[in-house]
Amino acid sequence: MSILKKALTTAALASILLAGAAQAETKRIALVVKALGIGFFEAANKGAQEAAKELGDVEIIYTGPTDTTAEGQIEVINALIAQGVDAIAISANDPDAVAPALQKAMERGITVISWDSGVAPAGRQMHLNPSSSALIGNTIIKLAADNMPDGGDVAVLSATSTSTNQNIWIEEMTKVMGNYPGVNLVATVYGDDLADKSYREAQGLIASYPNLKAIIAPTTVGILAASQAVTDAGLIGKINVTGLGLPSEMAGAVESGATISFAIWNPIDLGYAATMLAYNINAGAATAPGSVIPMGRMGNATLDEKGEAAMSDPFTYDKSNIEEFKSIF
Ligand code: RAM
């Protein structure tokens, strides 16, 4: 073999080996969402992709069931275990039902964290809350009460009845209802984060409670559907729809007056932070209470005694600022 040929062969071999090594080192992080087709999670995926790009050696698998069920998520988790992914970062439809499948994943060496909607501690290594749950609970009732000077009836339109995050926020909200003496919570209904079911549930509230002054929907799917139901019923100005929404989806409702104001944190940042945490835990970061785990441009997460951390405060949107944010998320 000529020297030149030998050099070429060696170079080719080396590049094949290098390519193989690079491939083996790529970390596959699955972002498991409550259901596909929800704008909030698509925005979170943008943040996850941004984190992957920044980290360089990460592939994001954005996945979830077609509707917001724990059964659907369990199927997804089992498929991810079979694929041998490196990490799973899940927003859970039920804190307990998905835990056994996630325990199986951890037994196989897969890093598991929850974000947005939590998993019971036994089923994950940590949980990232978007914000303080108490602050979110306070915010959603305040948004309604501040526009009800004479008090009156309010109802909650939530996501699923097993959704960890909405249930905690509603619980935190009811704890502070005493601060709003004239405001009565008359019902809590569930639209399952499905647009059509949420719309029908909002119609049901409107029909059942003629004195309703506000619908509080702590879900981006619910708030949009409720604002449409109120608009279609000709009740803008009578029933204010508030809660947690995306500026991109709620701009029309704010313009029409169906929604005076609503709140949310940045879902892109949340997906970015969850990805950074999954990556760093997979790389060996500790998850004992008190551990500090870096989240790239989002700073550090400090785990509390329940293995939870919070990202940032919710922000309120209304006519004065929605234009600025509706093209971002
Ligand atoms: C929906 C989902 C999500 C929640 C937001 C506010 O998109 O239920 O879990 O965080 O609303």
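Note that the coordinates shown come from a computational prediction; the quantities given were computed from them, not determined experimentally. Each ligand, and each atom within it, is numbered from 1 in the order the structure gives.
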> Heavy-atom distance to atom 10 (O) of ligand 1: which of T68, I38, D116, L224 wins?
Replying inline: D116
>> If the cut-off is 4.0 Å to any non-hydrogen atom of T219, which atoms of ligand 1 fall inside it?
In response: 11 (O)
> Does ligand 1 have an atom that lies less than 4.0 angstrom from a heavy atom of N165?
Replying inline: yes
>> With respect to K34, determine whether any N or O atom, backbone or side chain, lies less than 3.5 Å from an N or O atom of ligand 1.
In response: yes
> For S312, does its backbone N or O pair with a side-chain atom of S131 as donor and acceptor, under 3.5 Å?
Replying inline: yes
> Do Y272 and E54 meet the criterion of a side-chain donor-acceptor pair at a distance under 3.5 Å?
Replying inline: yes
> For ligand 1, is there an N or O atom under 3.5 Å from any N or O atom of W169?
Replying inline: no
> So if you build clusters from Ile, Leu, Val, Met, Phe, Trp, Tyr with side-chain heavy-atom gaps below 4.5 Å, do F325 and W265 land together?
Replying inline: yes
> Which residue supplies the protein heavy atom nearest to atom 7 (O) of ligand 1, what is that atom called, and how far is it?
Replying inline: T220 OG1, 2.7 Å
> Atoms of ligand 1 less than 4.0 Å from F41 heavy atoms?
Replying inline: 3 (C), 9 (O)
> At a 4.0 Å threshold, what atoms of ligand 1 neighbour a non-hydrogen atom of D193?
Replying inline: 1 (C), 2 (C), 8 (O)
>> Rounded to the nearest 0.5 Å, what separates atom CD1 in I90 from atom CD1 in I113?
In response: 11.0 Å
>> Measuring centre to centre across the rings, with the benzene-like ring taken for any Trp, is F329 within less than 6.0 Å of F40?
In response: no
>> Do T242 and I140 have side chains that approach each other closer than 4.5 Å (heavy atoms only, starting at C-beta)?
In response: no
